[in-house]
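Note that these values count all heavy atoms, side chains included, but never hydrogens, waters or copies made by symmetry.
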Amino acid sequence: MNTLRNAKIGATVRVVRLHGEGAVKRRIMDMGITKGVEIYVRKVAPLGDPIEVTVRGYELSLRKADADMIEVE
């Protein structure tokens, strides 16, 4: 399974599926990350946490744990 956490800097990926349950999944979806949306990986902090991405024209910072729940292609 390829997740957003494993995506390289500068890559544009498409969301295939969201893993997780309840409030965590809802929070990710509220940020605009839904099935089929494209995500551009802008930066990754030196220790890998957080990951800065562009989704639907705005920037987000995601924790590694959250990025691991987003399956991409």
Side-chain angles (χ1 to χ4, degrees):
M1 178 176 77
N2 195 18
T3 64
L4 183 59
R5 181 177 179 176
N6 301 330
K8 303 291 182 205
I9 297 170
T12 300
V13 294
R14 183 178 304 274
V15 177
V16 176
R17 182 172 177 213
L18 295 176
H19 298 275
E21 305 263 331
V24 175
K25 186 174 180 178
R26 169 56 54 197
R27 187 169 48 84
I28 291 171
M29 292 175 71
D30 287 345
M31 288 188 271
I33 300 172
T34 55
K35 184 178 177 182
V37 75
E38 288 190 349
I39 299 176
Y40 172 70
V41 182
R42 293 176 42 107
K43 295 183 217 172
V44 178
L47 297 175
D49 201 9
I51 299 168
E52 189 175 311
V53 298
T54 301
V55 181
R56 300 179 190 257
Y58 63 93
E59 281 105 33
L60 282 175
S61 290
L62 296 169
R63 295 180 293 196
K64 284 193 290 191
D66 292 342
D68 220 16
M69 293 182 207
I70 304 167
E71 186 177 339
V72 297
E73 61 179 2

- Message: Consider side chain to side chain contact (heavy atoms under 4.5 Å, CB included). Of T54, V13, T12, which one does I39 pass it with?
- Response: V13
- Task: Would you kindly confirm whether Y40 and L60 end up in one hydrophobic cluster when ILVMFWY residues are joined by side chain heavy atoms under 4.5 Å apart?
- Result: no
- For the side chain to side chain contact (heavy atoms under 4.5 Å, CB included) test, which of I33, L18, D30 pairs with K25? L18
- Note on the structure: One should read off an interatomic distance between T3 OG1 and D66 CG, to the nearest 0.5 angstrom, of 11.5 Å
- Task: Kindly indicate, with the supporting measurements, whether the criterion side-chain contact (heavy atoms from CB on, under 4.5 Å) is fulfilled by V15 and I70.
- Result: CA-CA 7 Å; V15 177; I70 304 167; 4.0 Å; yes
- Message: Restricting to non-hydrogen atoms, name the atom on G32 and the atom on V55 that form the minimum distance, rounded to 0.1 Å.
- Response: O-CG1, 3.7 Å
- Note on the structure: Rounded to the nearest 0.5 angstrom, the CZ-NZ distance for R5 and K64 is 5.0 Å
- Message: What's the separation between atom CE in M69 and atom CZ in R63, rounded to the nearest 0.5 Å?
- Response: 8.0 Å
- Message: Nearest 0.5 angstrom please: E73 CD to R17 CZ, how far?
- Response: 14.0 Å
- Query: Is I28 reachable from V37 through a run of I, L, V, M, F, W or Y residues, each pair having side-chain heavy atoms under 4.5 Å apart?
  - Reply: yes
- Message: To the nearest 0.5 Å, what is the distance between CG on L62 and CD on E52?
- Response: 10.0 Å
- Message: For residues V41 and V16: do they belong to one hydrophobic cluster (side chain heavy atoms under 4.5 Å, members Ile, Leu, Val, Met, Phe, Trp, Tyr)?
- Response: no
